[in-house]
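Residue numbers start from 1 in every chain, and the chains themselves are labelled A, B, ... in the order their sequence lines are given, proteins ahead of strands.
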Number of protein chains: 2
Amino acid sequence: MRDLKEEILQTSLDLFDLHGFHGVSVNQIVEASGTSKGGFYHHFQSKDELLFVIHDTFITYVFKEAQAANVHHSSPTQKIQAIIHSFVQVFDLYKPHISVFYQESTYLKPAYKAQIKQKRDEFKNMIFLVIKEGQESGEFRRELPVEITGMAVLGMVNWIYKWYKRDGAYTIDQIAEVFTDLTLHFLLPSSKSPASMEDLLHVPFFYDNK
Amino acid sequence: MRDLKEEILQTSLDLFDLHGFHGVSVNQIVEASGTSKGGFYHHFQSKDELLFVIHDTFITYVFKEAQAANVHHSSPTQKIQAIIHSFVQVFDLYKPHISVFYQESTYLKPAYKAQIKQKRDEFKNMIFLVIKEGQESGEFRRELPVEITGMAVLGMVNWIYKWYKRDGAYTIDQIAEVFTDLTLHFLLPSSKSPASMEDLLHVPFFYDNK
DNA sequence: GAATAAAGACCGACTAGTTGGTCTGTTTTT
DNA sequence: AAAAACAGACCAACTAGTCGGTCTTTATTC
């Protein structure tokens with residue numbers, strides 16, 4: 001009656017998050033999920049397929065979220081704000097998936113790796129496009145090279161998985177707000193930046209810096 | 001006559017970079033280095049020690065560089081500029097080390113892991129301190145929470161290892177300049193930002209954006 | 001400087017344990 | 001009754017690491 005496949009996924013997700021893909025054997029997964037080798041291989045062709053499913057679940061979600069943010073807003077500033085915000089939120093929702101995604105993608109079999117890479121690139125290009133769009137409309141600083149700037153944003157956000165903890169000093173919302181603040185500060189021309197920022201950022205918890 | 005230990009290090013570094021720590025067996029290392037099991041275990045106590053040496057080499061270097069930058073400059077703005085610049089350069093010098101450092105640290109044995117973590121934390125704290133110093137002196141925006149802002153900088157730079165390639169579209173110097181530009185743009189108060197920036201950033205290759 | 005001794009560098013067959021995966025059989029659901 | 005869901009003993013391949021032995025370099029003595 002219980003969904004064994006889901007059980008295996010959750011269990012292995014937690015184990016991989018703790019010990020890495022190669023730090024966990026199929027036997028360990030099987031034991032921790034309260035099943036058997038037979039149970040495992042009934043639902044997954046191989047350990048590698050399990051790894052792929054984890055990757056795919058996550059990247060598919062992120063991409064759809066970004067796409068929604070892209071469609072529902074008109075100005076590049078609003079778009080990048082929405083993308084960063086939803087993207088950062090993901091790190092609270094999908095923490096274990098993400099750890100696996102960024103730590104273990106090396107070990108994906110070529111056929112799987114290619115699929116993941118494609119979706120990942122699409123997401124990356126969406127961010128690049130928004131930046132370019134913003135530059136062309138004159139909202140964003142034209143001096144910035146799109147790729148480097150885009151990778152800066154991606155790096156800043158992606159790195160969250162290395163340090164974010166639910167019970168840490170900052171909530172995921174606070175992180176999202178600061179990161180959008182930082183991003184807009186380097187994207188928007190300095191003249192525009194301070195004045196119009198006040199409308200966008202409702203500076204919630206910042207004043208506790210003594 | 002050749003330095004076998006160094007040969008093993010370089011070879012395994014390249015192999016780990018390509019296939020990950022667990023994707024490469026000691027036998028493969030031994031074969032690719034043109035030596036034997038005996039040769040390997042004469043120089044390294046275990047495969048785990050090899051992993052540690054790679055980690056330690058890199059983090060020790062980075063920390064010393066940052067420390068130097070910290071001492072040789074007085075103002076926080078100059079410090080953060082120097083730190084980012086030298087830090088980004090490292091990604092050209094130590095690419096394989098860094099891949100291993102960020103991908104495989106999960107697999108360090110506890111005793112080794114503790115050592116690395118300490119050095120890594122020291123480096124992180126140096127960046128936090130510079131930001132805090134800048135806020136206290138009034139150079140940097142006081143609204144920003146130190147930790148989140150610091151992790152943004154770290155993430156932005158650290159992520160380089162995922163995408164930088166020597167024969168890519170941008171040199172490591174270009175990346176370093178853009179990243180310091182971005183960082184100063186969100187650290188410095190908006191009023192200061194544009195005017196004083198022109199002195200700091202000699203905007204070299206930016207005008208090729210059509 | 002030749003002879004000898006000692007230490008370090010290196011070799012490779014071997015082992016004990018673990019790994020992902022299979023296969024036959026049983027139970028449970030449709 | 002047939003098909004899907006699961007169990008668990010089993011296996012071949014591979015793993016990190018060992019160990020007795022050899023070669024090469026260095027130190028010491030005559």
Would you mind reading off the distance between [X] atom [atom1] and [N] atom [atom2], rounded to a whole angstrom?
X      : N       : atom1 : atom2 : answer
K5(A)  : dA5(D)  : NZ    : C1'   : 13 Å
I29(B) : dC14(D) : CD1   : C1'   : 15 Å
H22(B) : dA16(D) : NE2   : C1'   : 11 Å
H43(A) : dG21(C) : NE2   : P     : 16 Å
L4(B)  : dT25(D) : CG    : P     : 14 Å
E31(A) : dT19(C) : CD    : C1'   : 15 Å
E7(A)  : dA7(D)  : CD    : P     : 12 Å
F40(A) : dT22(C) : CZ    : P     : 11 Å

Tell me what V24(A) touches on the nucleic acid: a base, only sugar-phosphate, or nothing, going by heavy atoms under 4.0 Å.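 Since only primed, P, OP1 and OP2 atoms lie under 4.0 Å of V24(A), the category is sugar-phosphate.
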Using the ring of each side chain (for Trp, its six-membered ring), is [X] parallel, tilted or perpendicular to [Y], with breaks at 30° and 60°?
X       : Y       : answer
Y102(B) : Y161(B) : tilted
F186(B) : F186(A) : tilted
Y107(A) : F21(A)  : parallel

Tell me which nucleotide among [options] gets nearest to the side chain of [X].
X      : options                   : value
Y41(A) : dG21(C), dG17(D), dA16(D) : dG21(C)
S25(B) : dC11(C), dA9(C), dA16(D)  : dA16(D)
D48(A) : dA5(D), dA16(D), dG21(C)  : dG21(C)
H42(B) : dA16(D), dG8(C), dG12(C)  : dG8(C)

Regarding K5(B) and the six-membered ring of F44(B), is the cationic atom NZ or CZ under 6.0 Å from the ring centre and inside 45° of its axis? yes
Residues that T57(B) engages under side-chain contact (heavy atoms from CB on, under 4.5 Å), provided they are two or more places apart: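 In terms of side-chain contact (heavy atoms from CB on, under 4.5 Å), with neighbours along the sequence ignored, T57(B) is linked to V53(B), Y94(B), H97(B).
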Upstream residue (5' side of DNA chain C) when S46(A) and N27(B) are each assigned their closest nucleotide: N27(B)
Is the number of heavy atoms from other residues, nucleotides or ligands within 6.0 Å of CD (Q28(B)) greater than 12? yes
Looking only at N and O atoms, is any donor in the side chain of K37(A) or the base of dG21(C) less than 3.5 Å from an acceptor on the other one? yes
ring-ring contact (aromatic ring centres under 6.0 Å, His included) partners for Y112(B), two or more places apart: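 Result, ring-ring contact (aromatic ring centres under 6.0 Å, His included) vs Y112(B): F52(B).
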Helical bend (five base pairs per end, nearest 10°) for the helix from dG1(C)-dC30(D) to dT30(C)-dA1(D):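 Roughly 20° between the end axes, to the nearest 10°.
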Where each residue is assigned the nucleotide of DNA chain D containing its nearest heavy atom, which of G38(A) and K47(B) is assigned the position nearer the 5′ end?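 That would be G38(A).
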